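Encoded as structure tokens, the structure appears first; notes follow it.
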Amino acid sequence: MSALDKKSLRARRHARIRKKVSGTAERPRFCVSITDSNIYCQFIDDVNGRTLASVSSLSASFKAENAKPNMAGAALLGKLAADAAKAASIVEVVFDRSGYQFHGRIKAIAEAAREQGLKF
């Protein structure tokens with residue numbers, strides 16, 4: 001690609017999404033971030049600037065399952081994220097896909113969290 005590579009295009013999409021998506025204490029932002037080797041999920045209250053709950057592929061509960069950050073691991077992480085949200089008494093969220101397309105691991109996380117009862 002020319003001056004616009006994949007990272008800068010994703011950053012532009014993420015900025016465009018974040019203009020519209022914001023979390024509150026009642027309905028926090030469910031932010032999903034993916035790197036080459038890990039997946040991170042956070043529930044963020046943007047009004048107070050606090051992370052209410054988080055889970056990642058580095059957490060002990062994920063490693064206890066001997067999972068990898070692939071499609072199956074993303075589905076497991078979605079379930080763990082929904083459980084962490086329930087523990088923090090979070091029922092409804094706003095989904096923030098961080099500029100990634102809604103397919104693959106992002107979709108697997110979202111569907112697994114919905115199956116566990118998280119509403120977005």
Side-chain angles (χ1 to χ4, degrees):
M1 291 188 150
S2 61
L4 299 175
D5 59 346
K6 285 173 107 175
K7 285 185 180 182
S8 64
L9 289 172
R10 190 195 71 78
R12 288 173 68 181
R13 279 193 306 271
H14 184 53
R16 191 168 56 239
I17 290 167
R18 287 289 290 123
K19 277 194 268 184
K20 302 170 190 171
V21 175
S22 180
T24 62
E26 298 81 34
R27 192 170 179 189
R29 178 167 53 101
F30 179 26
C31 182
V32 177
S33 180
I34 294 181
T35 65
D36 288 338
S37 55
N38 292 300
I39 305 172
Y40 306 91
C41 299
Q42 290 182 319
F43 296 93
I44 303 168
D45 175 8
D46 289 314
V47 175
N48 297 318
R50 294 182 184 261
T51 299
L52 306 174
S54 67
V55 67
S56 74
S57 58
L58 297 172
S59 60
S61 55
F62 186 83
K63 288 187 176 184
E65 299 286 332
N66 289 327
K68 296 188 178 355
N70 53 16
M71 286 290 287
L76 173 64
L77 200 62
K79 290 178 185 176
L80 293 174
D83 292 340
K86 286 180 186 176
S89 66
I90 298 169
V91 179
E92 268 189 64
V93 296
V94 179
F95 190 63
D96 177 11
R97 56 189 172 89
S98 300
Y100 300 105
Q101 292 182 2
F102 190 79
H103 73 94
R105 292 182 284 179
I106 299 289
K107 186 175 180 181
I109 291 169
E111 288 177 348
R114 281 189 184 122
E115 286 173 7
Q116 292 296 108
L118 206 58
K119 294 179 186 173
F120 44 107

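All residue numbers in this chain count up from 1 along the given sequence. Note that the structure is a prediction, hence the values are computed from the model and not measured.
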ask   = Is any side-chain N of the basic residue among Glu92 and Arg27 closer than 4.0 Å to the acidic one's carboxylate O?
value = yes
note = Between the OG atom in Ser57 and the CG atom in Asn70, the distance rounded to the nearest 0.5 Å is 10.5 Å
ask   = More than 12 heavy atoms of other residues, nucleotides or ligands under 6.0 Å from CZ of Arg10: is that the case?
value = yes
query = For Cys41 and Ala81, which heavy atoms make the closest approach, and how far apart are they?
reply = CB-CB, 4.2 Å
query = Which of these, Phe95, Phe120, Phe30, sits in a ring-ring contact (aromatic ring centres under 6.0 Å, His included) with Phe43?
reply = Phe30
ask   = With no hydrogens and no angle check, is any side-chain donor or acceptor of Arg13 less than 3.5 Å from a backbone partner on Gly99?
value = yes
ask   = Crowded around Lys68 NZ? As in, over 12 foreign heavy atoms under 6.0 Å?
value = no
request  = Measure from the side-chain N and O atoms of Asp45 to the backbone N and O of Pro28, and report whether any donor-acceptor pair falls under 3.5 Å.
outcome  = no
message = Quick check on the hydrophobic clustering: are Ile44 and Ile106 connected, directly or via other members, by side-chain heavy-atom contacts under 4.5 Å?
response = no
task = List the steps and the verdict of side-chain contact (heavy atoms from CB on, under 4.5 Å) for Lys7 and Asp5.
result = CA-CA 6 Å; Lys7 285 185 180 182; Asp5 59 346; 4.3 Å; yes
query = Between atom CE of Met71 and atom CG of Leu76, what is the distance when rounded to the nearest 0.5 Å?
reply = 13.0 Å
request  = Return the minimal non-hydrogen interatomic distance between Arg105 and Pro69, and the atom names on each side.
outcome  = NH1-O, 3.1 Å
CG-NZ distance between Asp96 and Lys20, expressed to the nearest 0.5 angstrom = 12.5 Å
message = Measuring from atom CD1 of Ile17 to atom OG of Ser98, what distance do you get when rounded to the nearest 0.5 angstrom?
response = 7.5 Å
query = Do Leu77 and Phe102 belong together in a cluster built from hydrophobic side chains that touch within less than 4.5 Å?
reply = yes
task = State which residue, out of Val32, Thr51, Val55, fulfils the side chain to side chain contact (heavy atoms under 4.5 Å, CB included) condition with Gln42.
result = Thr51
task = Indicate yes or no for a side-chain donor-acceptor contact from Arg114 to the backbone of Gly117 under 3.5 Å, with no hydrogens or angles considered.
result = no
Pairwise distance CG(Asn38) to OG(Ser33) - rounded to 0.5 angstrom = 10.0 Å
remark   = Nearest heavy-atom contact between Ala84 and Ala53 is O-CB, 4.0 Å
message = Distance check, rounded to the nearest 0.5 Å: Leu80 atom CG versus Ile39 atom CD1?
response = 11.0 Å
query = Side chain of Ser56, backbone of Leu58: donor and acceptor closer than 3.5 Å?
reply = yes
message = Checking the side chain of Tyr100 only, and the main-chain atoms of Ile34 only, is there a donor and an acceptor separated by less than 3.5 Å?
response = yes
request  = Please name the pair of heavy atoms, one in Val91 and one in Leu118, separated by the smallest distance, quoted to 0.1 Å.
outcome  = O-CD1, 3.6 Å
message = Taking His103's backbone N and O only, do any of them form a donor-acceptor pair with Arg97's side chain (distance below 3.5 Å, no angle check)?
response = no
